[in-house]
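Beneath this line is the structure, given in structure tokens, with notes to follow.
So that the names make sense, note that chain A is the first sequence line, chain B the second, and so on, each numbered from 1. The analysis underlying the following values was restricted to heavy atoms, covering all of them including side chains, and did not include hydrogens, waters or symmetry mates.
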Number of protein chains: 2
Amino acid sequence: MKQKILDDKLFALHAEVCKSMANPTRLKILNALENGEQSVDVMAKSLGLRKANLSQHLAVLRQRGIVATRREGLNIYYRCANSKMLKACEILREVLLEQLREGGKLFEQLGKGRK
Amino acid sequence: MKQKILDDKLFALHAEVCKSMANPTRLKILNALENGEQSVDVMAKSLGLRKANLSQHLAVLRQRGIVATRREGLNIYYRCANSKMLKACEILREVLLEQLREGGKLFEQLGKGRK
DNA sequence: CTTATAGTTTCGAATATTCGAAATTATTTG
DNA sequence: CAAATAATTTCGAATATTCGAAACTATAAG
């Protein structure tokens, strides 16, 4: 029973983290942070996002503890808070890239989920 | 530019897959399928879910190509369609379990995301 | 103190997700 | 064909996510 409760917490946590990553923009943000910290301003420009919207996405990642921040003058620098988590994310991306290259089913079914 | 388009597809696909996993019930389903295929009926009982609801979740996983099916008489057996993807999912779970055990920030912040 | 720049928060509308209930489909057995 | 069992689909209401617009906060520089 005790184990079941831990499992429930774990599945809930896992779902929360997946939810954080369940958005192309947030995945692009995490991707941008793979090579080190970046300010919001620079990210907004390189990703082509409005600052307010980027900030909203960063807030999601921050609240889940996926990214961390550091202020320096006017700029706030974001970085990945947990390299293992980012690595796990990358592994999934590699698997999917492989699928894409193989022209597998996953590719064709993209977007055919819930309308 | 060509590469950017591939990247966009990849991020979109990645987000779709994360969306599929962004639900505790679906993660429990995937977890149950780690040890081999199972019928909907058995899963419904072991996970304590209404069959209609389980079927809805299975449809999400099916549409994204994450699980595959096989019919045998009245029963339909579900299995994981891509072991690498399931493995990537497990790796993330291991990272999170470690965090949970360490009593880290992620645990405390669970559920404090968007209300 | 004023202005400029960087970033965040709030609000509201559009869209998507979730789940129960009820209806429907598929297969087997009598 | 009728009845039973397994599974799926459809519908609708409650809830959550997403994004632009506008307002707001924080820091630096004059």
* Hey, can you pull the residues of residues 67-80 of chain B with a non-hydrogen atom under 4.0 angstrom from DNA chain D? -> Leu74(B), Asn75(B), Ile76(B), Tyr78(B)
* To do: Please figure out whether Lys19(A) or Asp41(B) has its closest DNA chain D nucleotide nearer the 5' end.
  => Asp41(B)
* With sequence neighbours excluded, residues passing side-chain hydrogen bond (donor to acceptor under 3.5 Å, both in side chains) with Asn75(B) -> none
* Asp8(B): partners by salt bridge (Lys or Arg N to Asp or Glu O under 4.0 Å), with sequence neighbours left out -> Lys28(A)
* Asked: Does Ala68(A) have any side chain to side chain contact (heavy atoms under 4.5 Å, CB included) partners at least two apart in sequence or in another chain, and if so, which?
  -> Arg79(A), Ala81(A)
* Rounded interatomic separation in angstrom, taking CZ from Arg50(A) and P from dT5(C) -> 19 Å
* Looking at every strand, decide which applies to Ala44(A) at a 4.0 Å heavy-atom threshold: base, sugar-phosphate, or nothing. => nothing
May I have the list of side-chain donor-acceptor pairs in residues 83-95 of chain B shorter than 3.5 Å, sequence neighbours left out?
residue, atom, partner, partner atom, Å
Lys84(B), NZ, Glu98(A), OE1, 3.3
Lys84(B), NZ, Glu98(A), OE2, 2.8
Arg93(B), NH2, Glu34(B), OE2, 2.9

* **Residues which pass side-chain hydrogen bond (donor to acceptor under 3.5 Å, both in side chains) with Arg70(B), listed by chain and number, not counting sequence neighbours** => Glu37(B), Glu72(B)
* Structure fact -> Rounded to whole Å, CG of Leu49(A) lies from C1' of dG7(C) at a distance of 14 Å
* Starting from P on dT18(C), measure out to NZ on Lys28(B) and report it in whole angstrom. => 14 Å
* Asked: Atom CD1 of Ile29(B) and atom C1' of dT18(C): how far apart are they, to the nearest Å?
  -> 13 Å
* Go through the steps to decide whether His57(B) and Leu61(B) satisfy the test side chain to side chain contact (heavy atoms under 4.5 Å, CB included), and finish with yes or no. => CA-CA 7 Å; His57(B) 283 299; Leu61(B) 296 171; 5.6 Å; no
* To do: Could you state the atom-to-atom distance from CD of Gln38(A) to C1' of dG7(C) in whole Å?
  => 15 Å
* Report yes or no: do Arg62(A) and Tyr78(A) form a side-chain donor-acceptor pair below 3.5 Å? => yes
* Structure fact -> From CD of Gln63(B) across to P of dT18(C) the rounded distance in Å is 12 Å
* Asked: Does OP1 or OP2 of dT18(C) have a side-chain N or O of Asn23(B) closer than 4.0 Å?
  -> yes
* To do: Report the nucleotide, chosen from dT9(C), dT9(D), dT18(C), that has the shortest atom-to-atom distance to any side-chain atom of Ala52(B).
  => dT9(D)
* Asked: Nearest-Å distance, NZ (Lys51(A)) to C1' (dC19(D))?
  -> 17 Å
* Hey, is the side chain of His57(B) poking within less than 4.0 Å of OP1 or OP2 on dC19(C), counting only N and O atoms? -> yes
* May I have the distance from Gln56(B) (atom CD) to dA7(D) (atom C1'), rounded to whole angstrom? => 12 Å
* Structure fact -> Assert: residue with more 5' nearest nucleotide on DNA chain D, out of Asn53(A) and Leu54(B), is Leu54(B)
